Protein chains: 2
Amino acid sequence: MLKIDAGSAVPVYEQLKRQIKLRIVSGRYPSDHRMLSIRQLASELTINPNTIAKVYRQLEGEGFLMSKTGSGFFVKLEKEQMGTTRRKLLAELTDEFISRVVELGFTPDELINTLSEKLERKSADDQT
Amino acid sequence: MLKIDAGSAVPVYEQLKRQIKLRIVSGRYPSDHRMLSIRQLASELTINPNTIAKVYRQLEGEGFLMSKTGSGFFVKLEKEQMGTTRRKLLAELTDEFISRVVELGFTPDELINTLSEKLERKSADDQT
DNA sequence: ACGATTGTACTACTTTGCTATTACAGTGGT
DNA sequence: ACCACTGTAATAGCAAAGTAGTACAATCGT
């Protein structure tokens, strides 16, 4: 079940987009899987259908969904594409992160160190 | 000299804030350094004084500046605080990055790998 | 062929973020 | 004490983002 936090600063359509993208990229929504219809999902989440439409259309533009007028939206991502798509997503996020951090005058060493330290601590917490 | 890209998607006040913060944190603007007055900087950059005021006030709120009504804004960051402040900034950015990436289902290994690879490639480019 | 369901397109309203304008109040040098 | 400088505060204008409402067109099952 998808969840929306209405009070959040990140807009509703953005929250939805991330969640759906994750489910597609992780294989939980396989290729040719039919998405809930715009109106169905809208009434489930108690938000405007147009917001759902926006999300679906954007995901279509990014190559994750395909629309068939009259019958619904379908997942488009083939299993073979999943790897490269995941890599591309990660690359984008990483590039943005690096540029922002470098902009603040940090060195690559500092970057790697704090990141790996945080990840170690995180995995320790997760196991506890 | 501070530079503003008027056509950029990131708002003017945000561009300014980042640049000034960098100069303070890197020590280029030492403690007790007097900033250009709101109106001076505004006329130099050909933008509205109120935008500068907003930047200064926010930086004051984050503990980088101090205002003295009638005489100007002054850098507040002591040399001893620079280290911890820098670390804190980096930690915030890193946490946000990690949470967004984990949200997309990536493993710590993938993360470290792409990051270090990108950094290596970057340093190679910078030297060329 | 019909009716229910699907996506689509257009419009409009509301809110928010950003910037601009103006008038006010405190400080400091001379 | 004055005057030119400083920050402050309050207001308004503008554009963009986000969401909502309504009418339309294509599909599919029966």
Side-chain angles (χ1 to χ4, degrees), chain A residues 2-21 24 29 31-77 96 100, chain B residues 2-21 24 29 31-77:
Chain A
L2 298 165
K3 278 175 192 170
I4 295 300
D5 175 10
S8 166
V10 302
V12 173
Y13 85 95
E14 188 67 29
Q15 295 182 45
L16 258 186
K17 210 172 134 186
R18 289 186 191 172
Q19 291 181 56
I20 295 176
K21 195 183 286 186
I24 295 176
Y29 290 165
S31 202
D32 292 330
H33 169 80
R34 181 178 173 281
M35 303 294 292
L36 282 181
S37 84
I38 289 177
R39 290 175 181 77
Q40 275 183 328
L41 185 52
S43 81
E44 269 196 21
L45 301 177
T46 331
I47 60 183
N48 193 280
N50 224 327
T51 303
I52 312 284
K54 181 178 183 178
V55 171
Y56 281 1
R57 269 181 23 207
Q58 289 196 6
L59 286 172
E60 183 185 23
E62 297 179 26
F64 295 97
L65 294 180
M66 219 186 87
S67 93
K68 281 188 192 171
T69 303
S71 46
F73 274 91
F74 297 85
V75 174
K76 196 187 174 188
L77 195 64
E96 189 189 331
R100 287 201 58 189
Chain B
L2 298 165
K3 278 175 192 170
I4 295 300
D5 175 11
S8 166
V10 304
V12 172
Y13 86 95
E14 188 67 30
Q15 295 182 45
L16 257 186
K17 208 172 136 185
R18 291 186 190 172
Q19 291 181 56
I20 294 176
K21 194 185 287 186
I24 295 176
Y29 290 165
S31 201
D32 291 330
H33 169 80
R34 181 178 172 279
M35 303 294 292
L36 281 181
S37 84
I38 288 177
R39 289 175 181 78
Q40 275 183 328
L41 185 52
S43 80
E44 268 195 23
L45 302 177
T46 333
I47 61 184
N48 194 280
N50 223 329
T51 303
I52 311 284
K54 181 179 184 178
V55 171
Y56 280 2
R57 268 179 26 206
Q58 288 195 7
L59 286 172
E60 182 184 25
E62 297 178 27
F64 294 98
L65 294 181
M66 221 188 87
S67 91
K68 282 187 191 169
T69 304
S71 47
F73 275 91
F74 297 85
V75 173
K76 197 186 174 187
L77 194 64

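Nothing here was measured: the structure is a model prediction, and the numbers come from that model. When reading the values below, keep in mind they use all heavy atoms of this one structure, side chains included, and skip hydrogens, waters and symmetry mates. Order of the sequence lines sets the chain letters (A, B, ...), proteins ahead of strands, with each chain counted from 1.
- Shortest non-hydrogen contact noted between B:Leu65 and B:Met35 is CD2-CG, 3.9 Å.
- Remark: the B:Arg39 side chain and the D:dG7 base include a donor-acceptor N/O pair separated by less than 3.5 Å.
- When distances run from any side-chain atom of A:Ser37 to the nucleotides C:dG7, C:dC18, D:dG7, the shortest one goes to C:dG7.
- When distances are taken from the side chain of B:Arg57 to each of C:dC18, C:dA9, D:dT8, the shortest belongs to D:dT8.
- Of the two residues contacting DNA chain D, namely A:Asn48 and B:Gly70, the nearest-nucleotide position lying further toward the 5' end is that of B:Gly70.
- Regarding B:Lys54, its NZ atom lies at a distance of 16 Å from the C1' atom of D:dT8, rounded to whole Å.
- Where A:Thr69 and A:Pro11 meet DNA chain D, the nucleotide closest to each residue was compared, and A:Pro11 sits on the side nearer the 5' end.
- Among the nucleotides D:dT19, C:dT8, C:dT19, the one closest to any side-chain atom of A:Val12 is D:dT19.
- In this entry the distance linking CZ of A:Arg34 with P of D:dC28 reads 11 Å, nearest Å.
- Counting to the nearest Å, the P atom of C:dT19 and the NZ atom of B:Lys17 are 12 Å from each other.
- Backbone-only contact: A:Phe73 has heavy atoms under 4.0 Å from sugar-phosphate atoms and none from a base.
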Practice item. Give the intermediate values and the outcome of side chain to side chain contact (heavy atoms under 4.5 Å, CB included) for residues B:Val12 and B:Leu45. Key: CA-CA 10 Å; B:Val12 172; B:Leu45 302 177; over 6 Å; no
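- For residues 41-70 of chain A, the ring pair (Phe, Tyr, Trp, His ring centres under 6.0 Å) pairs, not counting sequence neighbours, are A:Tyr56-A:Phe73.
- Note: OH (A:Tyr13) to P (D:dA20) measures 14 Å, nearest angstrom.
- Scanning all heavy atoms of the two residues, the minimum distance from A:Gln15 to A:Ser8 falls at NE2-CB, 3.5 Å.
- With hydrogens and angles ignored, the 3.5 Å screen pairs no side-chain donor or acceptor of B:Arg18 with any backbone N or O of A:Arg100.
- Protein atom NZ of B:Lys68 is 16 Å distant from nucleotide atom C1' of C:dG29, rounded to whole Å.
- Here A:Ser67 reaches the OP1 or OP2 of C:dT8: one of its side-chain N or O atoms lies under 4.0 Å away.
- If you take CG of B:Leu65 and P of D:dG7, they are 11 Å apart, rounded to a whole angstrom.
- Counting to the nearest Å, the C1' atom of D:dC24 and the CD1 atom of A:Ile38 are 14 Å from each other.
- Considering only side-chain atoms of B:Ser71, the nucleotide from C:dT27, C:dA20, C:dA9 that sits closest is C:dT27.
- Atom CD1 of B:Ile52 is separated from atom C1' of D:dA9 by 18 Å (rounded to the nearest Å).
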